[in-house]
Amino acid sequence: MKLRKTFRINTIWVHIVLAFLGTYGICYLGSLMGITDVSFSVLNGLLMCAVYVLLSQTRQSLMKNPTPKQRRRRCLYAEGVSFLFSVTMIMGYQLQVNGLTECGVRGKGLILLRAVCLSIAVFPFGNLLFQGIEKLVSVDRRQHGTQWKPAAVFAVSALAVFVCLIPVWLAYYPIIMSYDFHRQVNEAAKGFAWFWPYQPIAHTWVIWVFLQLGGALNSLEAGIAGMALLQMLLYSLVTAYACAFLSRVTKKKWPVIAAVLFFGIFPLNSVMVMCTTKDVLFSILFLLFALLMAERFFFRQHGRNGVLWDVMIVAVGCLMMQFRNNAIYAVTAFCILWVLFADRQEKLRILLLCVLLAAGGRGTGAVIKTALGTEMEAPKGEMYSVPIQQFARVGYYHGQELDEEMWELLNSCIYAEAWELYNPPIADTVKNSGVAFDVTGDGHVKRFLHNWFSVGRRYPNEFLDAFLELTRGYWFWDDRSYAECLGYGLDGRMGVIYTYNSSEIENVGEIAHVSKFPWLEEQLEKIVSANVFFQWPVISIVFKSAFYFWSLCLLFLFFLYLRQKKQVVFCLLPLLYMGTMLLGPVVQMRYLFPVMVTLPVLASLLVMPKDTAEKSAV
């Protein structure tokens with residue numbers, strides 16, 4: 001009895017110390033957010049009491065786990081997520097407020113220590129997250145057989161999504177001609193030989209087709225409106241397939257209804273579908289590829305049907321890779337991991353499938369290029385976006401104090417006059433005017449890496465911060481740069497989605513934007529250009545780029561936590577695609593669009609019946 005009492009007292013004191021540390025972490029984050037004298041406030045006492053109660057209740061909840069091993073596993077995952085959340089919040093606010101993270105070993109150590117303190121206060125919520133996932137997957141769904149028929153779900157969903165998109169199309173009639181459309185439409189007007197692989201030539205060819213249609217109709221607006229209709233139709237059909245998949249897996253009606261509303265009405269989706277950027281068609285094909293892969297992983301891997309699905313996977317995968325130049329790298333890396341994790345009896349077949357995918361992606365691109373007759377080469381500067389920002393940041397902050405040798409070395413990579421153009425969240429401003437090194441010449445990689453290591457060794461903090469600034473929109477929940485990097489507002493129409501129209505064709509004229517539904521366009525512009533969603537409590541979360549990146553990462557962790565091996569391997573595909581985005585020139589919602597539309601499918605795999613997953617080989 002005495003020993004038990006002593007243990008209880010010791011536990012209370014441990015909770016008091018942890019509550020104090022957690023309160024300190026919250027106060028430090030509050031000071032970064034601009035809440036002055038937060039550590040001095042008497043409310044800290046109430047805050048510490050709240051943290052203490054949460055920790056005590058969390059301990060009681062954890063003790064209900066049947067085995068110590070399961071408790072440790074829950075604690076490990078919950079604390080891991082809590083720490084990641086905490087360290088990203090601290091670094092994110094340091095960058096957003098101060099323009100840099102704390103420097104040196106001591107500074108980085110303080111970031112980690114403060115993140116540990118903050119993670120103590122966040123831990124109860126991390127524990128609730130994994131506790132909720134356990135309860136979600138524990139429900140026996142074999143008893144719920146009242147779901148709609150997949151064929152009916154597909155037909156109704158396709159019609160519903162398409163109908164929801166029609167008012168948005170009329171609002172932005174004939175289509176949103178933004179991003180790189182101004183370049184591609186001129187290439188398309190000049191002819192195949194002018195197609196520059198800076199943008200996928202398959203996508204430029206699509207624009208060319210609808211320019212020809214416009215010429216035949218004697219109206220460029222009518223022709224390019226056909227491109228919007230094509231994107232709407234394909235998007236409706238593929239998202240309807242996703243809704244049917246959700247119905248089959250969850251055996252519930254409400255996920256289908258939620259998915260239809262998300263695909264058809266959510267402004268970031270419906271407006272994005274109207275854009276002429278390559279990311280629309282790529283996202284549609286990416287979702288279709290993911291759905292076919294899900295069929296291959298969980299339902300149709302054996303017999304003749306299995307071979308048929310393999311053929312469709314290769315065909316769709318090869319086509320998908322023609323609409324984003326970096327997709328081939330993500331698919332190739334995924335294929336290697338898929339083969340490594342495959343069951344022995346399936347390895348040979350999966351290896352053949354993966355070889356066809358990787359080789360087919362390259363080969364299809366070569367065939368298209370040869371067929372169109374374009375001889376231009378793809379620029380290689382895009383893959384250097386992160387180093388370009390790192391060099392420019394060093395020049396921007398230290399250009400006046402560099403010794404002659406370092407100045408010359410830095411100038412050989414980024415011209416000195418471009419250092420002042422450094423814009424932390426986007427590499428294009430420097431990349432388009434200040435790159436000095438030849439990314440196509442012989443031996444450039446060796447020289448470039450030597451220079452990169454030399455500068456990085458002297459300025460490691462600037463190199464790290466340059467990467468963090470360039471990717472902040474993905475991992476920092478309270479980031480605004482992803483929607484404001486080049487400005488925002490109703491005049492410029494360059495907020496979270498670019499809706500400006502730039503369609504001047506040399507020696508031809510402009511493709512006019514004539515809204516058929518001005519009121520709806522005005523309301524949507526307040527969201528996607530003026531970014532009014534930042535003023536919406538709670539709801540604003542789903543408009544943040546970090547929401548989708550974190551959702552993807554959390555789903556991967558959930559699969560790991562639940563030991564769902566097949567889901568873990570399957571989730572590597574979108575994760576690897578996002579990995580290539582971390583090396584990109586900027587964070588934009590259009591880059592996340594493939595992940596956004598695929599997340600409902602990934603989330604449904606959490607409740608995939610265990611017997612279904614076990615019957616099929618990875």
Which is it for F476 and M89 under the side chain to side chain contact (heavy atoms under 4.5 Å, CB included) test, yes or no, and what are the steps along the way? CA-CA 6 Å; F476 178 41; M89 290 295 287; 4.0 Å; yes
Flag, side chain of E79 to backbone of F123, donor-acceptor distance under 3.5 Å: no
Specify the closest pair of heavy atoms between A242 and V601, including all atoms of both residues, with the distance to one decimal. CB-CG2, 4.0 Å
F298 six-ring face occupied by R248 cation (under 6.0 Å, within 45°): no
Kindly say whether F85 contributes a backbone atom to a donor-acceptor pair with the side chain of T88 at under 3.5 angstrom? yes
Given side chains that start at C-beta, do those of D465 and L468 come closer than 4.5 Å, heavy atoms only? yes
Donor-acceptor pair, S247 side chain versus A244 backbone, under 3.5 Å? no
With under 30° as parallel and over 60° as perpendicular, where do the rings of W452 and F463 fit, or are they tilted in between? tilted
Can you name the closest pair of heavy atoms from Y77 and L557 and give their distance? CE2-O, 3.8 Å
Heavy atoms, side chains only, cut-off 4.5 Å: are F558 and L129 in contact? yes
Let me confirm one number: the CG-CD1 distance from L21 to I26, rounded to the nearest 0.5 Å. 11.5 Å
For L340, is the CG atom crowded, meaning more than 12 foreign heavy atoms sit under 6.0 Å from it? yes
Residues two or more places apart in sequence or in another chain: which of them pass salt bridge (charged side-chain N to carboxylate O under 4.0 Å, His left out) with E462? none
Indicate yes or no: does K544 engage D479 in a salt bridge with an N to O separation below 4.0 Å. no
Could you measure the distance from the SG atom of C571 to the CG atom of L605? Nearest 0.5 Å is fine. 8.5 Å
Check whether any side-chain heavy atom of L288 sits under 4.5 Å from a side-chain heavy atom of M312, and report yes or no. no
Should T598 and F286 count as side-chain neighbours, where that means a heavy-atom distance under 4.5 Å? yes
Matching residue for E134 among R74, R563, R73, K64 - test: salt bridge (Lys or Arg N to Asp or Glu O under 4.0 Å): R74
Would you say that R114 contacts Y24 through its side chain, given a criterion of any heavy-atom pair below 4.5 Å between the two side chains? yes
Euclidean distance, F556 CZ relative to L572 CG, rounded to 0.5 Å: 5.0 Å
Taking everything shown except F334 itself, do over 12 heavy atoms lie less than 6.0 Å from its CZ? yes
Can you tell if the side chain of W550 reaches within under 4.5 Å of the side chain of L84, non-hydrogen atoms only? yes
What distance separates L337 CG from T332 OG1, expressed to the nearest 0.5 Å? 11.0 Å
Side chains of Y459 and Q390, donor plus acceptor under 3.5 Å: no
Return a table of donor-acceptor pairs under 3.5 angstrom between the side chains of residues 573-586 and protein atoms on other chains or two or more places apart.
residue : atom : partner : partner atom : Å
Y577    : OH   : Y591    : O            : 3.0
T580    : OG1  : N326    : ND2          : 2.8
T580    : OG1  : Y577    : O            : 2.5

Heavy-atom closest pair, residues V587 and S545: CG1-OG, 4.0 Å
Please check if the side chain of T471 supplies one atom and the backbone of Y474 the other of a donor-acceptor pair under 3.5 Å. no
OH on Y93 to CG on L32, rounded to 0.5 Å: 9.0 Å
Are Y235 and N269 close enough, and set up right, to give a side chain to side chain contact (heavy atoms under 4.5 Å, CB included), and what steps lead you there? CA-CA 10 Å; Y235 177 80; N269 289 336; 3.5 Å; yes
Looking only at heavy atoms, the pair that brings V542 and L268 closest together is O-CD1, 4.3 Å
Assess the residue pair R472 and Q96 against the criterion (side-chain hydrogen bond (donor to acceptor under 3.5 Å, both in side chains)); give the C-alpha distance rounded to whole Å, side-chain angles, the decisive distance to 0.1 Å, and a yes or no. CA-CA 9 Å; R472 181 166 25 122; Q96 190 157 277; 3.1 Å; yes
With side chain to side chain contact (heavy atoms under 4.5 Å, CB included) as the test, would you mind laying out the steps for L291 and L287 before giving the verdict? CA-CA 6 Å; L291 286 165; L287 175 58; 4.1 Å; yes
Can you check whether F534 reaches F543 side chain to side chain, under 4.5 Å on heavy atoms? no
Side-chain heavy atoms of M608 within contact of Q567, under 4.5 Å: yes
Heavy-atom closest pair, residues Y482 and G473: CB-CA, 4.3 Å
How far does SG of C75 sit from CZ of R59, to the nearest 0.5 angstrom? 10.5 Å
Minimal non-hydrogen separation, R362 against I328, with atom names: NE-CG1, 4.0 Å
Worked verdict on V595 versus L602 for side chain to side chain contact (heavy atoms under 4.5 Å, CB included): CA-CA 10 Å; V595 173; L602 291 173; over 6 Å; no
For L54, does its backbone N or O pair with a side-chain atom of T58 as donor and acceptor, under 3.5 Å? yes
For a ring-ring contact (aromatic ring centres under 6.0 Å, His included) with F297, tell me which candidate from F245, W309, F570 qualifies. F570
